[in-house]
Amino acid sequence: MSEHEAEALAARVEGIVEAAGLRGLTQLSGIADIAAAVTRLGALAGGLDDLGRALLREHAADALRAVRVKNAAKLVDAGLARAAVPSTVASEGGGVAAVVSLPEPWPEPVNGAEVLDDLVKAVRRHVVLGEHEAVAAALFALHTYCLDAAHISPRLAVLSPTKRCGKSTLLNLLATVVAKPLLVANITAAALFRIVDAVQPTLVIDEADSFMAGKEELRNVLNAGHDRETARVLRCAGKEDGFAPLVFSAWAPVVIGAIGELPGTLADRSITIRMRRKGPSDRVAPLRRRERAALAPLAQRCARWAADNLTTLGDAAAPELSLDSDRAADNWEALVCIARLAGGDEWHARAVVAAQALSSKAATEEGGTELGERLLSDIRGLFESRAVGDRVSMQELATALAGLDGSPWGEVSRGKPITTNYLGKRLSPFGVRAKPIRFPDKTRKGFEYSAFDDAFARYLPAQAVAPVTGTDSQANSLGDSGLPDVRVTGAQEAPLGCHSEGVTDVTAWAPEPADLAFEERAAILEYDAGLSRAEAERRAREELLDA
């Protein structure tokens, strides 16, 4: 180490001692003040190497001895141990040992509201997400640094109705800004509680839908980690240790990404963010290595805010939340406390509104995700073939789906035809919800065609537009007159998306002389003037009306 590096390290160590508040203690300082300073010391020491931690231990102990604190070295060791992160965790077999780390806290105090605002901006820059979902993600990220102040750590469920909705992008982004991130695509119950007991990481679990089904033990450990008081797993040691009972901790923040739904008990302990596919008008930036590196200062600011406010946060009174259930209020308690302390009234209000919006959404039914796209595709086909009207009740739509040849809807609901309940739950993740609609006989719950516009645009491929007119041979063949041979072969259908009130049937029609004049003039304008068919028809209609 060069002389310059040694001086920089010494200055950094002294800065941590000062920032932790150890230099501000006096002989009259109470136990609470001493404990708070030692706790902050441990949080601020996260980025130091072994040499730096040894120097910090000596400086911090000297600061405590100066104000006649007994057992100063032991107190410092306890504070550093709480935030200590081993460089490796022993592994068996051919795997590589797990490594997690805390970011080095920002060197200066930070504004909590600005940190949360920047977290929301980062999330919405890279992922299509609503305001409430972005608020939940930002608060959860800061919560991972404040775990010591929490009694409940909700699981953050990031769920997609189908693939390519940005789920993995959001998980990668969170793994860049949370405390001690460990991103995995598969995990067993035994590995989970052992890694949590060893290093207390923020587990970011992707692809949960592919391996969690039927894994009751894994689900049980994830459920246990929700509450600090129950976050323990009891196992027996091996024969060589006399099968002694050992207690492992399951207390750690967890993010779970899945396509579809989580098991009911795990969903109940989760704050759920529902992803949606990018629409034609949505603009998001890709999350590449350079963008992730640029988020490092944001993680450092989170670490610094937590170090400065952990004691105050731990003493904060629980907020009174009026949500759908006590469990939902438990899930949001720690996050709303963070919002209130970090961002004042404005962020407190944003957190409460987000909690009310996200906790009020009914859980949807488990099932395959490709089936969801198939459902949307079949519904679009029913609308476009006029098998159902522009307004359709839930029961009529379910009956029409069940009658489609070769579709799964005739036996999808436990071997029986699709029900209105199944239909509503399956469409809800796509943002399509039934509403009361007035039909000729009575008002019933159903859907308007326009309710599907956003879902069709996001999840179904665009369809080719069929020609407006044509012949049996070449598309632009000319008759003896030099004009296109225009034929009317069937019913005149309204363009897709044009739904007229009161129109219940459109039948085939025979052209009147005026119609023939209109077709002739439109054809001339289209082919001689090079206009689009729609523009040619518009001008022909105006000319005939003027005449």
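Numbers for residues simply follow the sequence, beginning at 1.
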Ion pair check, Lys425 and Glu261, cut-off under 4.0 Å: no
Residues that Arg292 engages under side-chain hydrogen bond (donor to acceptor under 3.5 Å, both in side chains), provided they are two or more places apart: Thr176
Test log, rule salt bridge (Lys or Arg N to Asp or Glu O under 4.0 Å), inputs Asp330 and Arg269: CA-CA 9 Å; Asp330 288 344; Arg269 291 167 170 80; over 6 Å; no
Over all atoms of both residues, closest heavy-atom pair of Val76 and Leu41: CG1-CD2, 4.0 Å
Pair Gln395-Thr420, side-chain donor/acceptor within less than 3.5 Å: no
Interatomic distance, Ile271 atom CD1 to Glu133 atom CD [nearest 0.5 angstrom]: 11.5 Å
Thr230 side, atom OG1; Ile152 side, atom CD1 - distance, nearest 0.5 Å: 7.5 Å
Parallel, tilted or perpendicular, as decided by the 30° and 60° cut-offs, for the rings of Phe193 and Phe248: tilted
Heavy-atom side-chain proximity of Val127 to Leu287 below 4.5 angstrom: no
Heavy-atom side-chain proximity of Ile259 to Lys163 below 4.5 angstrom: yes
Reported CH2-to-CG distance for the pair Trp332 and Leu321, which is rounded to 0.5 angstrom: 9.5 Å
Gap between atom CG of Leu427 and atom CG of Leu423 - 0.5 Å precision: 4.5 Å
Charged N-O contact under 4.0 Å between Arg124 and Glu131: yes
From CA spacing to verdict: side-chain contact (heavy atoms from CB on, under 4.5 Å), Leu147, His143: CA-CA 6 Å; Leu147 192 66; His143 160 72; 4.0 Å; yes
Heavy-atom side-chain proximity of Leu266 to Arg155 below 4.5 angstrom: yes
Verdict with supporting geometry, Leu218 and Met212, side-chain contact (heavy atoms from CB on, under 4.5 Å): CA-CA 7 Å; Leu218 176 58; Met212 190 173 287; 4.3 Å; yes
Nearest-0.5 Å distance that lies between atom SG in Cys146 and atom CG in Leu139: 10.5 Å
Glu104 bridged to Arg12 by N-O distance under 4.0 Å: yes
Heavy-atom neighbours of Arg235 CZ exceed 12 at 6.0 Å: yes
Test item: Leu182 and Thr202 side chains (from C-beta on) under 4.5 Å apart, heavy atoms: no
Closest heavy-atom pair and its distance - Leu234, Pro245: CD1-CB, 4.1 Å
Exam field: side chain Arg283 to backbone Pro280, donor-acceptor pair closer than 3.5 Å: yes
Distance in Å, Leu142 CG paired with Arg301 CZ, rounded so as to fall on 0.5 Å steps: 11.0 Å
Lys/Arg N to Asp/Glu carboxylate O, Asp206 vs Lys167, below 4.0 Å: yes
4.5 Å side-chain heavy-atom contact, Asn220 and Val233: no
Basic-acidic side-chain contact under 4.0 Å: Glu373, Arg426: no
Shortest non-hydrogen contact from Arg232 toward Glu229: NH2-O, 2.7 Å
Residue pair Ala318 / Cys337: nearest heavy atoms and the distance that separates them: CA-SG, 4.4 Å
Salt-bridge criterion met for Glu108 and Arg304 (N-O under 4.0 Å): no
Donor on one side chain, acceptor on other, Thr265 and Asn223, under 3.5 Å: yes
Ion pair check, Arg277 and Asp454, cut-off under 4.0 Å: no
Test log, rule side-chain contact (heavy atoms from CB on, under 4.5 Å), inputs His126 and Leu170: CA-CA 8 Å; His126 296 287; Leu170 179 56; over 6 Å; no
Side-chain touch Leu358/Thr272, heavy atoms, less than 4.5 angstrom: no
Ion pair Asp117/Lys121, N-O distance below 4.0 Å: no
Verdict with reasoning, Glu448 to Lys435, per salt bridge (Lys or Arg N to Asp or Glu O under 4.0 Å): CA-CA 9 Å; Glu448 293 179 343; Lys435 67 177 184 178; 3.5 Å; yes
Ser29 side chain to Leu25 backbone, donor-acceptor under 3.5 Å: no
Donor-acceptor under 3.5 Å (Gln200 side chain, Trp251 main chain): yes
Side chain Asn309, main chain Trp305, donor-acceptor under 3.5 Å: yes
Shortest non-hydrogen contact from Ala113 toward Trp347: O-NE1, 3.8 Å
Any side-chain heavy-atom pair of Phe430 and Arg276 under 4.5 Å: no
Modelled atom types, side-chain donor and acceptor of His226 and Asn331, under 3.5 Å: yes
Val17 vs Leu56, side-chain contact (heavy atoms from CB on, under 4.5 Å): CA-CA, chis, key distance, verdict: CA-CA 7 Å; Val17 173; Leu56 179 63; 3.6 Å; yes
For the student: nearest non-hydrogen atoms of Met394 and Phe447, plus distance: CG-CE1, 3.8 Å
Flag side-chain contact, heavy atom, 4.5 Å: Leu119 against Leu298: yes
Ring geometry between Phe452 and Phe456 (parallel below 30°, tilted from 30 to 60°, perpendicular above 60°): parallel
Exceeds 12 heavy-atom contacts within 6.0 angstrom, atom CD1 of Ile31: no
Expected output: side-chain Ser428 to main-chain Gly424 donor-acceptor under 3.5 Å: no
Ser393-Glu396 side chain donor-acceptor pair, cut-off 3.5 Å: yes
